[in-house]
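Being a predicted model, the structure only gives us computed values, none of them experimental. Note that these values count all heavy atoms, side chains included, but never hydrogens, waters or copies made by symmetry. Labels below follow one simple rule: chain letters A, B, ... track the order of the sequence lines, proteins then strands, and each chain is numbered from 1.
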Amino acid sequence: MDLPSQYNPKDTEKKIYQFWMKNGYFKPEKNAPKKSKGAYTVVLPPPNITGSLHLGHALNVTIQDALIRWKRMQGYKTLWVPGIDHAAIAAQNVVEKNLKKEGISRFDLGREKFLEKVWEWKEKYGDIILDQFKQIGISCDWSRCRFTMDKEYVKAVETAFQYYYEKGMIYRGKRVVNWCPRCQTSLSELELAHQEEKSNLWHIKYPLAENKDQYVTVATTRPETMLGDTAVAVNPKDERYKNLIGKKIILPIVGREIPIVADPMIDQAFGTGAVKVTPAHDMTDVEIGRRHNLETIQVINEYVKMNENTPAAYQGLKVAEARLKIVEELTGLGLIEKIEEYTHQVPRCSRCNALVENLPSWQWFVKMDELSQKAIKAVESGKIKFHPKHWENLYFSWLKNVRDWCISRQIWWGHRIPIWFCQTEPEKYFLSIKPPKKCLICKKCQPKQSEDVLDTWFSSALWPFAVLGWPNKKAKDLKTFYPTDSLTTGHDIINLWVARMIFSSLELLNKIPFKDVIINAMVKTKDGKRMSKSLGTGIDPLLMIEKYGADATRFGLAWQITELQDMRFDEANIMAGKKFANKIWNAARFVCWQLPDKEKIDIKITPRPKTETDKKILADFKELVKSTDKLLADFEFGKAIQDLYHFFWHNFCDIYLETAKKQISESQDKKLQANTRKILMYVLTNSLKLLHIFMPFVTEELYQVLPIKNKKKALIIESWPK
RNA sequence: GGGCGGUUAGCUCAGCUGGUAGAGCGUCUCAUUUACACUGAGAAGGCCACAGGUUCGAGUCCUGUACCGCCCACCA
């Protein structure tokens, strides 16, 4: 046959991908031998509907595809389930931003109309990112593609909610939560991004009730919250304040009498050692308040303005304005002792970067004590392993100190909480998955459903089993493919997502969701900067595919995989991948030329070596198969592809091919000639199998044209060499 | 404040249980148009962040320091 002297990825990739799809090789029903070795399952971490492809995705799916293709060729019944996440807050924000351009807010539209807009957006953009994944060549079973808000998935979410609710693990409570004033919703602590901010530490004198000339000086970064102070706390061991404990203070401006309490949580060394306690607006103060039965006075509302519990002059002021006014007023009263410059971390919304406020609010929570214990045990016992192992530290440290999970969000896009409130007795409520015909409390009123939706991670926590058919216990996929085998993801969502999948599965199915968690490195720029669109430092993998081909892109990424936390992306590796694809192409072209017309060679039979060089290459290849299997089993993808590269380029091309030329053209020995051809074909074709998992397109294309005896229809379903 | 990564050739990175440093890319020299110039052969290039310690011997183990990065945290 006539192959051009250069491999052309563009022509090949589309054609080959369609060929695989058409033949259903990505489906487990069609890709396994009759006697399969069992199932091997992976679920794709579902990208957001707001997302566009970045190099992190490309790296992530390259790993998963290598594993899936390896297992598939080994004779496992492989399933890789793709899908998309509805990404509640993130998606809602994007649509809101678009509306804003037209000068419309979501409140102008109303809930139903707004949701229609989000659905429109989802229909339009939801599949784009998955189409991009296809260009990388990943072998997901697209017929099983799922969305976290499709009908069956909603059922899984409702079932999980009902389960927790009926077991008493979900409760409603007025708690101090992280509140994003921009998104107008509560956030979990994992959805915060702390940012350093230069501010001041104000030292404020609080006069004693019994003698107004005596003061206790408190140090605070948030003077405006003093309007909600209900105590001053000091450390019980603090000699400076010992005799003041139990005495009263008159809160300046407000005039309220508040106690001085002793709490071991107070650090004597910080500030003045005396702390104002605002149980409504500070997470620490909540604890202190609880221990000392302090009143909670909310002074900031959800629009971060001072509310009706503050003096008239403050009501309606924004927090920042109130701060200035308070400091001014205190200065006038001579109550500011000093102002220190102070740099500290302030919480911001990880979605919109707005300053997050702590305020009391009615929310729904999942009790975490039992769940976290289960999740901890599963990893401690080794049933679930992280790779690299050190990431287990991060997992444990979160779970061991975890707070109850706030699962309600005050947004519209998401799974609405299936709780209905009685209108006669508005404090009472009941669970109902379907709209109830009548109120189960008073039997008379038309109950109203909770306005809240669930945290997006509540639904993605169910991902590995929900996509396989849970809660339908008879679901065939669930039986065949669950628990899944490996999960590949980034370290940024170990607790947001991985931990929650683990305890959800343990609680709801009494099974682990996967055995191995592969944490891939964060892809950074060559200078070690974060890749981001807004900074202009992002690199679009599609551009790499356009320039060098999908195989080259995968090669370049896989080449750089190590156990490091970050990886500095170097385009040179992708260029090397392109060269390598071409090298493979030409090696195959050369081998074809050596073969007489119409001769097909059986590659299943290992040829016998006749020369030292023959012996060496066959032994090296055998060793390569063995070590590649070991490396893949240990998830050492970078080393695996580097070894394959080295073998193919140097051992096979530089040495064996050159020797083979002599053994064929310079020798008169017909048997030697024929045997050399066999070895050429044997090593070449079997190398293509090994390389296929990283570079699927070029290897498949060549497999299709090589003269192989008893050839299968495709390399993707060929058997892995032994 | 705590924890976790990292610091090895110009660049991106390997170096497992300790024995005088490796790969890819880049650079230089030569070869060749005979599978591939997206080629072949070869070469140069590193007091392995720093300071101590253990050892016959340390990039590799221990202690500490510095710098870079990430994460967690109730110093208000």
Side-chain angles (χ1 to χ4, degrees), chain A residues 3-7 176 189-190 192-194 201-203 218-223 225-226 229 232-233 263 265-278 281-288 342 344-345 347 358 388 390-398 400-401 403 491-492 494-495 521-522 524 526-530 548-549 552 555-556 559-594 634 636 638-639 641-643 645-646 649-650 653-655 657-658 660-661 665 680 684:
Chain A
L3 294 175
S5 69
Q6 281 190 21
Y7 168 58
V176 175
E189 81 278 5
L190 292 175
L192 306 178
H194 291 266
L201 197 55
W202 284 273
H203 292 244
V218 299
T220 181
T221 54
R222 305 232 20 212
T225 63
M226 70 170 285
D229 282 3
V232 166
D263 197 288
M265 200 181 259
I266 306 304
D267 179 0
Q268 297 180 48
F270 187 85
T272 61
V275 180
K276 60 192 271 315
V277 182
T278 324
H281 298 288
D282 187 285
M283 292 292 187
T284 317
D285 294 1
V286 171
E287 305 274 318
I288 298 176
Y342 186 65
H344 64 147
Q345 302 274 326
N358 288 139
H390 68 80
W391 289 112
E392 289 176 5
N393 293 333
L394 179 64
Y395 174 83
F396 288 135
S397 69
W398 181 67
K400 284 178 181 169
N401 303 296
R403 291 208 184 101
H491 63 73
D492 51 337
I494 286 177
N495 293 323
M522 286 289 166
K524 300 249 180 113
K526 213 173 164 179
D527 321 316
K529 295 212 174 89
R530 185 169 235 125
Y548 307 107
F555 174 96
W559 182 275
Q560 276 205 283
I561 294 173
T562 66
E563 294 205 337
L564 293 180
Q565 168 185 290
D566 301 327
M567 124 176 181
R568 295 187 177 195
F569 173 72
D570 191 348
E571 192 171 330
N573 290 309
I574 294 184
M575 294 189 241
K578 184 171 186 257
K579 283 190 191 176
F580 187 42
N582 200 54
K583 187 76 178 176
I584 298 169
W585 182 263
N586 277 290
R589 205 158 68 105
F590 171 78
V591 171
C592 284
W593 285 2
Q594 304 307 314
D634 294 341
E636 291 189 56
K639 183 82 166 68
I641 196 160
Q642 288 172 35
D643 287 357
Y645 172 91
H646 191 271
W649 197 301
H650 301 294
C653 291
D654 291 347
I655 298 172
L657 243 59
E658 293 307 316
K661 284 178 191 171
S665 61
L680 279 173
L684 171 71

Could you state the atom-to-atom distance from CG of A:Asp285 to C1' of B:C75 in whole Å? 12 Å

Expressed as a whole number of angstroms, how long is the span from A:Gln268:CD to B:C74:C1'? 17 Å

Taking donor-acceptor contacts at under 3.5 Å, does the side chain of A:Gln565 reach the base of B:G69? yes

Hey, is the main chain of A:Asn358 close enough, under 3.5 Å, to the side chain of A:His281 for a donor-acceptor pair? yes

Touch class at under 4.0 angstrom, heavy-atom based, for A:Met265 against every strand present: base

How is A:Glu563 classified with respect to the nucleic acid when contacts are heavy atoms under 4.0 Å: base, sugar-phosphate, or nothing? nothing

Name the nucleic acid region contacted by A:His491, choosing base, sugar-phosphate or nothing; use a 4.0 angstrom heavy-atom cut-off, strictly under. sugar-phosphate

If only side-chain N and O atoms of A:Tyr395 are considered, is one of them under 4.0 Å from the OP1 or OP2 phosphate oxygen of B:C71? no

Hey, does the side chain of A:Gln642 reach the backbone of A:Trp559 with a donor-acceptor pair shorter than 3.5 angstrom? yes

Integer angstrom distance from the C1' of B:U54 to that of B:C67: 27 Å

Under 3.5 Å for both donor-acceptor distances, Watson-Crick or wobble: does B:C13 have a partner, and if so which one? B:G22

A:Asp570 has an atom CG; how far is it from atom C1' of B:U12, in whole Å? 5 Å

Applying a 4.0 Å non-hydrogen cut-off, can you work out what A:Phe569 is touching in the nucleic acid: base, sugar-phosphate, or nothing? nothing

Just checking A:Lys661: base, sugar-phosphate only, or nothing, at a heavy-atom cut-off of under 4.0 Å? base

Paired with B:U29 by Watson-Crick or G-U wobble geometry, both distances under 3.5 Å: which nucleotide is it? B:A41

Phosphate-side-chain proximity, A:His194 and B:C70, N/O vs OP1/OP2 below 4.0 Å: no

Give a yes or no answer on whether the side chain of A:Asp527 reaches the backbone of A:Lys529 with a donor-acceptor pair at less than 3.5 Å. no

If I take atom CD1 in residue A:Ile494 and atom P in nucleotide B:G3, what distance separates them, rounded to the nearest angstrom? 19 Å

Pick the P atom in B:A41 and in B:G26, then give their distance to the nearest Å. 15 Å

Using a heavy-atom cut-off of 4.0 Å across all strands, would you classify A:Glu658 as base, sugar-phosphate, or nothing? base

Integer-rounded Å distance: B:C4 P and A:Leu394 CG: 12 Å

For the pair made of CG in A:Leu657 and P in B:U39, what is the distance, rounded to whole Å? 15 Å

Remember a base hit wins even if backbone is also touched, and classify A:His203 as base, sugar-phosphate or nothing at under 4.0 Å, heavy atoms. nothing

Atom of A:Pro223, atom of A:Trp202 and distance for their closest heavy-atom approach: CD-CE3, 3.4 Å

Spacing of A:Lys524 atom NZ relative to B:G6 atom C1', expressed in whole Å: 10 Å

Which nucleotide, if any, forms a Watson-Crick or G-U wobble pair with B:U34, using both distances under 3.5 Å? none

Do any side-chain nitrogens or oxygens of A:Thr562 fall under 4.0 Å of OP1 or OP2 in B:A14? yes

Which whole-number value in Å describes the distance from A:Met575 CE to B:C38 C1'? 12 Å

For the residue pair A:Met283 and A:Glu189, establish whether any side-chain heavy-atom pair is separated by less than 4.5 Å. no

Under a 3.5 Å limit for both distances, which nucleotide forms a Watson-Crick or G-U wobble pair with B:G59, could you say? none

Step by step, work out the side-chain contact (heavy atoms from CB on, under 4.5 Å) result for A:Ile574 and A:Phe569. CA-CA 10 Å; A:Ile574 294 184; A:Phe569 173 72; 3.4 Å; yes

Under 4.0 Å, heavy atoms only, any strand: does A:Trp391 hit a base, just the sugar-phosphate, or nothing? nothing

What integer number of Å spans the P atoms of B:G59 and B:C47? 13 Å

Along RNA chain B (nearest heavy atom to each residue), the more 5'-positioned of A:Gly528 and A:Phe590: A:Phe590

Nearest-angstrom distance, P atom, B:G2 to B:U60: 25 Å

Over all strands shown, is A:Asp267 touching base, sugar-phosphate only, or nothing at heavy-atom distances under 4.0 angstrom? base

For A:Lys578, does its backbone N or O pair with a side-chain atom of A:Asn582 as donor and acceptor, under 3.5 Å? no

In Watson-Crick or G-U wobble terms, with both distances under 3.5 Å, the base opposite B:U7 is B:A66

Give a yes/no on whether any side-chain N or O of A:Trp649 is located under 4.0 angstrom from OP1 or OP2 of B:G40. yes

May I ask you to establish whether A:Lys579 and A:Phe555 are in a cation-pi arrangement, using a distance under 6.0 Å from NZ or CZ to the six-membered ring centre and at most 45° from the ring axis? no

Would you indicate what A:Asp654 reaches in the nucleic acid, counting non-hydrogen atoms under 4.0 angstrom: base, sugar-phosphate, or nothing? sugar-phosphate

Using the C1' atoms only, state how far B:A21 lies from B:A14, rounded to an integer number of Å. 11 Å

By the Watson-Crick or G-U definition, both distances under 3.5 Å, B:A73 is matched with none

Take atom P in B:U12 and the same atom in B:G53, then report the distance between them in whole Å. 33 Å

Using the C1' atom in both, what is the distance from B:G24 to B:G57, to the nearest Å? 31 Å

Quick check on B:U39: is either OP1 or OP2 less than 4.0 Å from any side-chain nitrogen or oxygen of A:Lys583? no

Taking for A:Arg589 and for A:Arg568 the nucleotide of RNA chain B with the nearest heavy atom, the one nearer the 5' end belongs to A:Arg568

